[in-house]
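Structure, as structure tokens:
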Amino acid sequence: MRYKLGLIGHPIGHSLSPWIHKHFLDLAGLDGEYKLYEGDHQQLPNVLKYLKQEGIDGFNVTVPYKQMIVDFLDEIDEDARILGAVNTVVLQNGKWKGYSTDGAGYIRSLTDPFPNLLNKNTSVLLLGAGGAARGIYRALIQEEIGRVDIANRSVVKAEQLIASMRFPGVDTQVLTFQEAEEYLGHYDLIIQTTSVGMKPHVDQQVLSLENLSADTVVSDIVYQPIMTQLLQDASDRGASIHHGHAMLLYQGQLAFEKWTGQSLEIHHLVDELEKKLRGENS
Ligand code: ATR
């Protein structure tokens with residue numbers, strides 16, 4: 001069989017997903033294609049009709065369709081329903097089923113280099129309360145780790161995030177950035193999910209790391225640039241760092257599993273994608 005896969009979103013001309021899934025198809029020894037379907041969001045139902053006619057097996061969804069696509073699918077996975085967002089769609093028996101692989105993909109990307117980091121004693125600080133933070137927060141609480149605090153510019157948004165998926169057994173507190181800066185040394189892991197520091201604003205950093213402990217792992221989901229100012233600062237202070245492009249690869253790995261049933265070993269691609277991104281930026 002020849003797999004027909006793709007991505008819908010706007011704009012997606014610079015997406016790394018074709019590179020990623022071409023590597024996955026090769027690794028799996030499967031014949032297939034991964035195409036970009038860029039469309040106007042007014043026409044989402046037409047795009048979906050077109051994809052069905054094309055005989056597509058599955059596709060990824062990115063900005064700005066992640067939330068609005070929920071209304072056009074036949075079935076939604078439980079996690080995606082609670083998050084209100086879908087990034088992976090599979091055609092099963094003629095029906096569209098939507099999933100969210102961002103949060104679980106993030107966890108996989110983290111446990112690959114740090115296999116013992118997440119457990120019931122781990123204390124995590126999540127920076128941001130947007131769509132990406134929602135997926136990661138949900139995946140973290142499903143891991144039943146000890147504490148997940150959230151700091152966000154809008155405190156109300158962080159409170160709403162927590163209220164939408166309260167989970168017994170995990171301690172959570174909402175903090176201002178100022179409070180987070182003060183307590184920074186208490187965390188085992190800090191995850192940066194805001195857009196601060198993203199190209200072209202590469203000299204911006206969402207909070208000061210003055211009180212950072214060198215035992216803390218600092219993770220930034222921004223991957224343009226690959227070395228954000230926050231990660232550089234953390235590294236200069238002796239902390240371990242985790243780059244954002246790894247999440248992109250692992251959410252793709254999970255999507256690929258849903259489409260093809262193949263569970264791939266992709267560890268070596270983390271470095272390859274890093275090289276590609278650094279090459280593009282030099
Ligand atoms: P995504 O889907 O990538 O998470 P989003 O849902 O638009 O994007 O969320 C963006 C996040 O970045 C939010 O947490 C936002 O903070 P607010 O909720 O207070 O708006 C955060 N963010 C964006 N620009 C910011 C800035 N200049 N300083 C601090 N936080 C910022």
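All of these numbers come straight from a predicted model, not from anything done at the bench. Read the numbers this way: they start at 1 and go in the same order the structure lists the ligands and their atoms.
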Closest to atom 12 (O) of ligand 1 among Thr194, Val196, Val206 (heavy-atom distance): Thr194
Note: Lys276-Glu272 ion pair, threshold 4.0 Å (strictly below): no
Exercise: identify the closest heavy-atom pair between Ser15 and Pro18: O-CD, 3.5 Å
Numbered atoms of ligand 1 (with element) below 4.0 Å of Lys157, judged on heavy atoms: 18 (O)
Salt-bridge present (Lys4, Asp57; N to O < 4.0 Å): no
Closest protein heavy atom to atom 23 (C) of ligand 1, given as residue, atom name and distance to 0.1 Å: Ser195 OG, 3.4 Å
Is_contact(atom 6 (O) of ligand 1), protein non-hydrogen, under 4.0 Å: yes
Per-atom contacts, ligand 1 versus Gly128 - under 4.0 Å to a heavy atom: 14 (O)
Pick from Gly131, Ser154, Ala151: the one approaching atom 8 (O) of ligand 1 most closely through a non-hydrogen atom: Gly131
Nearest neighbour in protein (non-hydrogen) for atom 16 (O) of ligand 1: Asn152 OD1, 3.4 Å
Lys97/Asp77 salt bridge by N-O under 4.0 Å criterion: no
Note: Arg108-Glu265 ion pair, threshold 4.0 Å (strictly below): no
Polar atom proximity, Thr193 to ligand 1 (N or O, under 3.5 Å): no
Option set Arg153, Arg134, Gln192, criterion heavy-atom distance to atom 20 (O) of ligand 1, minimum: Arg153
Any donor-acceptor N or O pair under 3.5 Å, side chains Tyr99, Asn87: no
Close-contact set for ligand 1 against Ala132 heavy atoms, below 4.0 Å: 1 (P), 2 (O), 4 (O)
Top protein contact for atom 9 (O) of ligand 1, by heavy-atom distance: Gly130 CA, 3.4 Å
Ring center gap for His245 and Tyr223 short of 6.0 angstrom: no
Ion pair Glu78/Arg81, N-O distance below 4.0 Å: yes
